[in-house]
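Note sheet for the following structure.
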Number of protein chains: 2
Amino acid sequence: MRERSPRLSSDAGKRARTRARLTEAALRLMSERGISATSVSEIAAAAELANGTFYLYFRDKSEIVAVVCRAVTQAMHDDMSSTRLSLDDGAARVAYGTQQFIEIAAAEPVWGRLLVSAFTEFEAIKEDIAHYMRLDVALGIEQGRFSEPLDEFVIDAHLAILRAGVVARLAGAGPDVSARAAEYQLRILGMNVKEAKRVRGSDKRRAASTTTSRLG
Amino acid sequence: MRERSPRLSSDAGKRARTRARLTEAALRLMSERGISATSVSEIAAAAELANGTFYLYFRDKSEIVAVVCRAVTQAMHDDMSSTRLSLDDGAARVAYGTQQFIEIAAAEPVWGRLLVSAFTEFEAIKEDIAHYMRLDVALGIEQGRFSEPLDEFVIDAHLAILRAGVVARLAGAGPDVSARAAEYQLRILGMNVKEAKRVRGSDKRRAASTTTSRLG
DNA sequence: ACTCATACTGAGATACATCTCATTCCAAGT
DNA sequence: ACTTGGAATGAGATGTATCTCAGTATGAGT
């Protein structure tokens with residue numbers, strides 16, 4: 001019973017802080033030079049910890065990769081979920097989700113670059129993103145907004161367009177890229193050109209959370 | 001002057017054969033386990049040569065990667081170029097190129113898997129593929145078949161769809177995937193659903209070159 | 001038989017990467 | 001002052017990759 005008080009809580013605080021140092025260092029490095037090109041020793045060094053300390057917090061490299069990638073996608077979804085869910089039209093949700101995803105990636109390039117890397121080096125992340133896509137596309141279909149049925153390849157195509165949008169935006173393309181990516185997705189779903197342009201709207205700009213590159 | 005005759009030619013023949021053994025081993029291994037996961041020693045061993053022999057034929061690993069990837073894309077284009085160029089309609093060329101690319105990748109999975117790997121591990125290959133896409137899309141635009149102008153992001157989106165198609169097909173999806181990938185590209189270019197379906201046609205099946213997995 | 005160019009060999013230098021573990025540090029509790 | 005236990009250390013065991021190079025094998029030409 002004695003472990004309950006200051007001791008444990010202060011230790012737990014320290015543990016959490018050290019762990020955060022590691023994940024933050026990992027995020028920065030993996031974003032800069034790619035996931036597989038980042039070594040455990042580099043992460044530990046960047047966090048000003050000895051090599052071995054890393055293994056007190058993560059079983060191995062793949063574990064921290066998963067943790068960091070998941071935290072980033074989670075943060076991005078949190079950033080956009082309330083507005084996205086306030087939209088009644090499934091097509092509008094699809095468009096908003098994609099535009100916002102790309103714009104957040106551009107505003108927080110550390111997140112964006114990590115995710116681009118994760119698309120090939122931690123493929124599980126795709127499923128996290130696809131999950132929301134499926135919901136929005138299904139809603140749009142139910143509402144009769146799309147002619148294309150929902151299946152795996154449609155989602156693959158959506159993910160591919162999303163990724164291409166993030167890459168282009170990070171490479172310096174203007175904000176029109178996110179609107180176009182959304183428009184292309186709607187066209188793939190069978191919506192005509194004019195309606196797709198209308199739905200993706202003029203400019204759903206990032207209502208940016210002020211937190212810069214910090215993960216919850 | 002004496003070096004001209006049988007001597008040099010027979011030596012050159014041997015050199016060429018050894019080099020081919022290396023590229024064939026490289027193609028097979030890199031296709032199976034990915035480009036970066038294949039080591040130079042594995043390639044040499046698979047070609048039944050000593051490690052060091054590799055370096056008598058290629059400066060380093062990146063050189064053989066470029067050679068093999070380029071050879072595969074070249075072979076695929078050769079396979080489809082005559083039919084593709086016989087089509088007058090730019091939209092039909094776009095659709096045919098994509099369907100054929102995906103179907104060849106499915107029929108020669110060794111090529112297909114290598115290219116999927118190359119898309120992320122030897123990015124230069126994208127430009128080789130994009131080159132032909134640009135020509136076909138430009139032709140279609142000139143003919144007034146598309147409403148979307150030609151720019152880099154349209155090509156990025158096309159490459160993304162193409163890649164997704166190959167991946168899906170190799171993962172076991174049916175031949176409808178290649179037709180759908182082509183259809184999605186046409187929709188992205190602004191063509192309406194009905195016309196896109198008409199253009200991509202019923203079934204432009206692979207007129208398969210009988211050579212199995214051999215590169216010129 | 002001998003020469004000589006070329007092909008080929010394979011052990012080893014070098015460089016990192018992952019992960020372990022015997023040890024040391026440190027701060028709270030008595 | 002002393003105990004105690006989690007946090008942190010960092011040298012090293014192990015594995016694997018790239019690339020080199022001194023030396024060997026082969027076989028055509030003389």
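Convention: sequence-line order gives letters A, B, ...; per-chain numbering from 1.
- Among the heavy atoms of the strands lying under 4.0 Å from A/S39 are primed sugar atoms or P, OP1, OP2 only; no base atom is included.
- Using a cutoff of 4.0 Å between basic side-chain nitrogens and carboxylate oxygens, B/R134 and B/E152 are scored as salt-bridged.
- The distance between atom CD1 of A/I43 and atom C1' of C/dA17, rounded to the nearest whole Å, is 12 Å.
- Taking atom NZ of A/K14 as the reference point, atom P of C/dA28 lies 10 Å away to the nearest angstrom.
- Counting any heavy atom pair closer than 4.0 Å across all strands shown, A/S41 reaches a base atom.
- The phosphate of D/dA7 (OP1 or OP2) has no side-chain N or O of A/Y57 nearer than 4.0 angstrom.
- Close to D/dA8, at under 4.0 Å from its OP1 or OP2, lies a side-chain N or O of A/T18.
- For A/L22 and D/dA8, the CG to P distance is 9 Å, given to the nearest whole Å.
- When the P atom of C/dA17 is taken as reference, atom CZ of A/F54 falls 14 Å away, rounded to whole Å.
- Judged by distance alone with a 3.5 Å cut-off, no donor-acceptor contact links the side chain of B/D60 to the base of D/dC19.
- Salt bridge annotation for A/R113-A/E108: absent, with no cationic side-chain nitrogen under 4.0 angstrom from a carboxylate oxygen.
- Checked against D/dA7, D/dT20, C/dT18, the side chain of A/Y55 finds its nearest nucleotide in C/dT18.
- Ion pair B/E24/B/R28 not flagged as a salt bridge, since none of the NZ, NE, NH1 or NH2 atoms sits closer than 4.0 Å to an Asp/Glu carboxylate oxygen.
- Classification of B/D151 and A/R180 as a salt-bridged pair holds, one side-chain N sitting under 4.0 Å from a carboxylate O.
- At least one test fails for B/R84 against the ring of B/Y132: distance under 6.0 Å to the centre or angle within 45° of the axis.
- Proximity note for A/N51 (side chain, C-beta onward) versus D/dA8, C/dA7, C/dT20: the nearest is C/dT20.
- Residue B/F58 is classed as having no contact, given no heavy-atom separation below 4.0 Å to the nucleic acid.
- Atoms CG (A/L49) and P (D/dA7) sit 13 Å apart, rounded to a whole Å.
- The distance between atom CZ of B/R19 and atom P of C/dT6, rounded to the nearest whole Å, is 18 Å.
- Between B/R15 and C/dT6 there is no side-chain polar atom (N or O) within less than 4.0 angstrom of OP1 or OP2.
- Residue B/L56 is classed as a base contact, given a heavy-atom separation below 4.0 Å to a base.
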